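Okay, structure first, notes after.
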Amino acid sequence: MTDVRPGLDVPPDLLDLDPEELRRLGHWVVDRTVEHLATLRERPADHRAVVRRPVGAAGRPAAARTGRPGGGLRLLADVALEAQQHGDHPRYFARVPGPSSPVAILGEWLAVGMQAIASSWGGGSGTATLELVVLDWLRDALGLAPSAEGILLTGGSLANTTALLVARAESPPGVLYLSDQTHSSIRRGAVVTGWPAADVRVLPTDASCRLAPSVLAAAVAEDVAAGRRPACVVATVGTTNTGAVDDVVGLASVAREHGLWLHVDGAYGGPAALTADRGGLRGLELADSFVLDPHKWLFQPYDLACLWVARPGALHRTFAMHPEYLADAQKGGPSGAGADADAGAGAREVDLHNRGLELTRHSRAAKLWLTLRTYGLDALAAAVSRGVSLAEAAEGLVREAGLEVVTPASLGVLTFAVSGLDDGGHRALAARVTADGYAALSSTVVAGRPVLRLCTINPRTTVEDLAGTVAAVRRVAV
Ligand SMILES: Cc1ncc(COP(=O)(O)O)c(C=O)c1O
């Protein structure tokens, strides 16, 4: 197409790619991804190489410019993207794995390829509908309050912090109660949302690493007696350290009695509520806000978190903005009807950018919607149950190997110790086993005790993988 008109000097477009070239390279990307997934088991679970030289070797981008992406794609795949923890590896048991499903990868690819945006209703009613639909499906399957409205965010850290912002906006200031097992993102969230440090109380957990309702009740009574106002409590269903599940029903009853906002962090463990016995997760319908990370145990590529808030309109009240330059994209269109409130759970036209801090938002729903539509909730629940069973199997193998179980398998997490090893010793042991490449595991501290920790949520993991990993720990430990 000619782009030349006498007197009009427009520089040429240097960025386009010939459609056939894009098709060829796209096929290469697909083949390379398939190869990655097919050969994971033969490659290291965690590969920490220093890649500064090959990746930055050509100096500034201008010097590296080739105009053809093939070499760069190979460098990405073979060097830069290889040098990382492989959360999708069947023997990656460290921190929280990310075993993304191939179907979700396809959904994500398409959304990226079609530059899918989920911002205003006018800017993307299809993508907004996908997001509202997946949030409704999961809300109902998890048993959250039917009134709960949601938003998709990047991860548990942002979702927890967003929940704290809503809690602060919707209730008068006062004391925030956490436990010593509350995820660090919430402590940081309290700081960045301006919760005064003096109003943040960290309560001790019991022998099972759970926050007992009686401990919360005592702390609340103490604060009330001292003239302070209790404002918010955070419960965790599936703690990061040990997979412990707080008694949400008991905590909710204290919260109700004293008017506290109850935030439940299910970033890790939330999907267990989809299984037949709900993994012991009860009372989720009592949460004022609830977080779940599909990029952990719902098999999604990074990044993806869900936040629900039970009080209709609360997300909108906290985050809505209506500048003149968005009026014709917001729901209701150019008439300015976009200034209407998000009308609550029943509303199907929603400007999602008015439910959180992001304006331009990638459509994170496409991959999740495709996963849910393809597999259905039962298959996903079965995959979650498999993770729970794998941790139980690992517990048996650890006992058989003569290692000490510190906290029994709980929601896919097991911690254990090697007698005679201190904190540094457990960390070094985890590092040595991981450096060997066969498996990756991590260390942590539970009730002051250094431990090794396995998180077994990858459905591709086999009992043989677990046995090999426990054997590797024994080999390095003796
Ligand atoms: C219980 C819990 N909450 C929150 C988070 C933070 O999630 P993200 O890493 O997605 O920000 C984690 C991460 O492991 C977690 O385990």
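Just so it is clear, the structure is predicted and the values come from calculations on it, not from any experiment. As the structure lists them, so they are numbered: ligands from 1, and atoms in each ligand from 1. Numbering starts at 1 and runs along the sequence shown.
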For the residue pair H86 and H36, does the interplanar ring angle fall in the parallel (under 30°), tilted (30 to 60°) or perpendicular (over 60°) class?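 H86 vs H36 ring planes: tilted.
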
Taking the inter-plane angle between the rings of W308 and F290 on a 0 to 90° scale, is it parallel (under 30°), tilted (30 to 60°) or perpendicular (over 60°)?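 Answer is tilted, since the angle falls between 30° and 60°.
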
Answer yes or no on whether R91 is positioned over the face of Y438, meaning its NZ or CZ is under 6.0 Å from the six-membered ring centre and within 45° of the axis.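 Yes; both conditions hold, so R91 lies above the ring face of Y438.
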
Could you name the protein residues that come within less than 4.0 Å of ligand 1, counting only heavy atoms, and order them by chain and residue number?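 Around ligand 1, where the cutoff is 4.0 Å for heavy atoms, the contacting residues are V96, G155, G156, S157, N160, H183, S185, G238, T240, D265, A267, Y268, D293, H295, K296.
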
So does [Y] get a backbone contact from the side chain of [X], meaning a donor-acceptor N/O pair under 3.5 Å?
X	Y	result
R317	V166	no
R278	L281	yes
R229	G174	no

